[in-house]
Structure formats: C-alpha cells, structure tokens
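Small disclaimer: the values here were computed from a predicted structure and weren't measured. All values below come from the heavy atoms of this structure, side chains included, with hydrogens, waters and symmetry mates left out.
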Amino acid sequence: MKLTASAEIDASAEIAFARMSDFDGFLGVLTDQGTFLQRRNAPDPITVGTTWSGQLDIRGAVRDIDVELTGLERPRFYELAAHGGGLQATMRVDVIAEGADASRALVAIDLTPVSLAGRIVLQSVKVMHRKLEKRLRSRLRRFARYITE
C-alpha cells in the first residue's frame with residue numbers, strides 16, 4: 001500500500017529541507033503522540049545508517065519498531081526504512097526547489113507485509129487508505145505552513 005502527499009512551501013529548498021529533516025524534533029512530537037523511539041547509534045550529525053528503535057501503536061496494538069536512515073542527500077531528499085509488527089515501510093521525503101523562496105515537498109510511504117499478522121494489519125489499514133492519504137496531505141500542508149512562519 002502506498003500513501004503519497006505533496007505541499008508547496010514558501011521557503012527555499014535549503015530551509016524547507018532543514019526543517020523537514022529535524023529528526024530530533026520529530027522524536028519529541030512522536031513521544032507526545034504515544035510513540036517511543038530512541039536513537040540507537042548516536043553520531044552527530046545524523047547520517048545514512050543512523051538507527052532508531054522503539055514502540056509504536058498500530059491499530060490499538062503496541063509493536064516494536066526499528067527505523068534506519070537509508071538515504072540522505074541534502075537538500076534534496078532523505079529515505080527511511082522501518083520494520084516491525086509484521087510490516088516493512090519505506091518513507092521518502094523529497095524537497096524540490098521551485099525558485100529562490102519556493103519549494104515543494106513530496107512524501108511517499110510504502111507499506112508491505114512480511115508476515116501473516118502484517119497482512120491482517122495491512123488489510124484493515126487498506127480500508128482506510130483514502131482517509132489516511134487525506135490525513136497525510138493535511139499534516140504535510142500544516143507542516144508547510146509551520147515552516148514558513
């Protein structure tokens with residue numbers, strides 16, 4: 001299952017990418033939402049190979065999750081790979097310059113099952129595909145407004 005969203009940002013690609021790749025800031029937001037992730041290898045700055053592990057609530061069940069930064073090219077894109085709870089996920093965030101003070105963010109999330117339990121979870125999530133994609137677009141647009149403030 002694939003979820004995609006895009007949003008225009010009234011900021012340069014460098015500024016937009018810097019805000020969209022603030023992984024430590026995202027950890028704080030995730031913790032506030034009930035997800036716990038902790039960086040396992042703590043090199044500064046964050047580079048390809050940086051990993052996080054923790055727990056995530058998926059459809060009412062707490063599942064262990066491991067996340068790795070698998071691709072990074074500043075200020076163009078980064079890619080994360082995650083696995084846990086019978087699912088594998090990849091998330092790619094692209095920032096495209098559209099002028100000196102304008103850019104576009106593209107987010108693509110791909111979920112695939114790796115076990116029977118994962119297939120069952122993904123099947124129940126597929127029913128909500130449109131709702132989840134709408135929620136992703138809404139959050140990305142809200143984040144784009146935050147970047148320009």
[Y] and [X], any side-chain heavy atoms less than 4.5 Å apart:
{"X": "Leu72", "Y": "Arg74", "result": "yes"}
{"X": "Thr50", "Y": "Asn41", "result": "yes"}
{"X": "Arg76", "Y": "Asp94", "result": "no"}

[X] side chain to [Y] main-chain N or O, any donor-acceptor pair under 3.5 Å?
{"X": "Arg141", "Y": "Ala7", "answer": "no"}
{"X": "Thr51", "Y": "Val67", "answer": "no"}
{"X": "Ser103", "Y": "Ala11", "answer": "yes"}

Exercise. When you measure from the centre of the six-membered ring of Phe77, is the NZ or CZ of Arg92 under 6.0 Å away and within 45° of the axis?
Worked result: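 Verdict for Phe77: a cation-pi partner in Arg92.
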
Problem set entry | Test log, rule side chain to side chain contact (heavy atoms under 4.5 Å, CB included), inputs Leu87 and Val114 | CA-CA 5 Å; Leu87 296 171; Val114 294; 5.9 Å; no

For this session: Walk me through it: do Leu122 and Leu111 pass the test side chain to side chain contact (heavy atoms under 4.5 Å, CB included)?
Result: CA-CA 8 Å; Leu122 193 57; Leu111 297 168; 3.9 Å; yes

For this session: Enter the distance from Leu140:CG to Met20:CE here, rounded to the nearest 0.5 Å.
Result: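 With rounding to 0.5 Å, CG (Leu140) is 5.0 Å from CE (Met20).
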
Exercise. In chain order, what residues pass the side-chain hydrogen bond (donor to acceptor under 3.5 Å, both in side chains) check against Gln38, with sequence neighbours excluded?
Worked result: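 Scan of Gln38 (side-chain hydrogen bond (donor to acceptor under 3.5 Å, both in side chains), adjacent residues dropped) gives none.
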
Exercise. How are the rings of Tyr146 and Phe143 set to each other: parallel, tilted or perpendicular (split at 30° and 60°)?
Worked result: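 Plane angle between 30° and 60°, so tilted.
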
Exercise. Parallel, tilted or perpendicular for Phe17 and Tyr78, by the 30°/60° rule?
Worked result: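 Rings of Phe17 and Tyr78: perpendicular, over 60°.
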
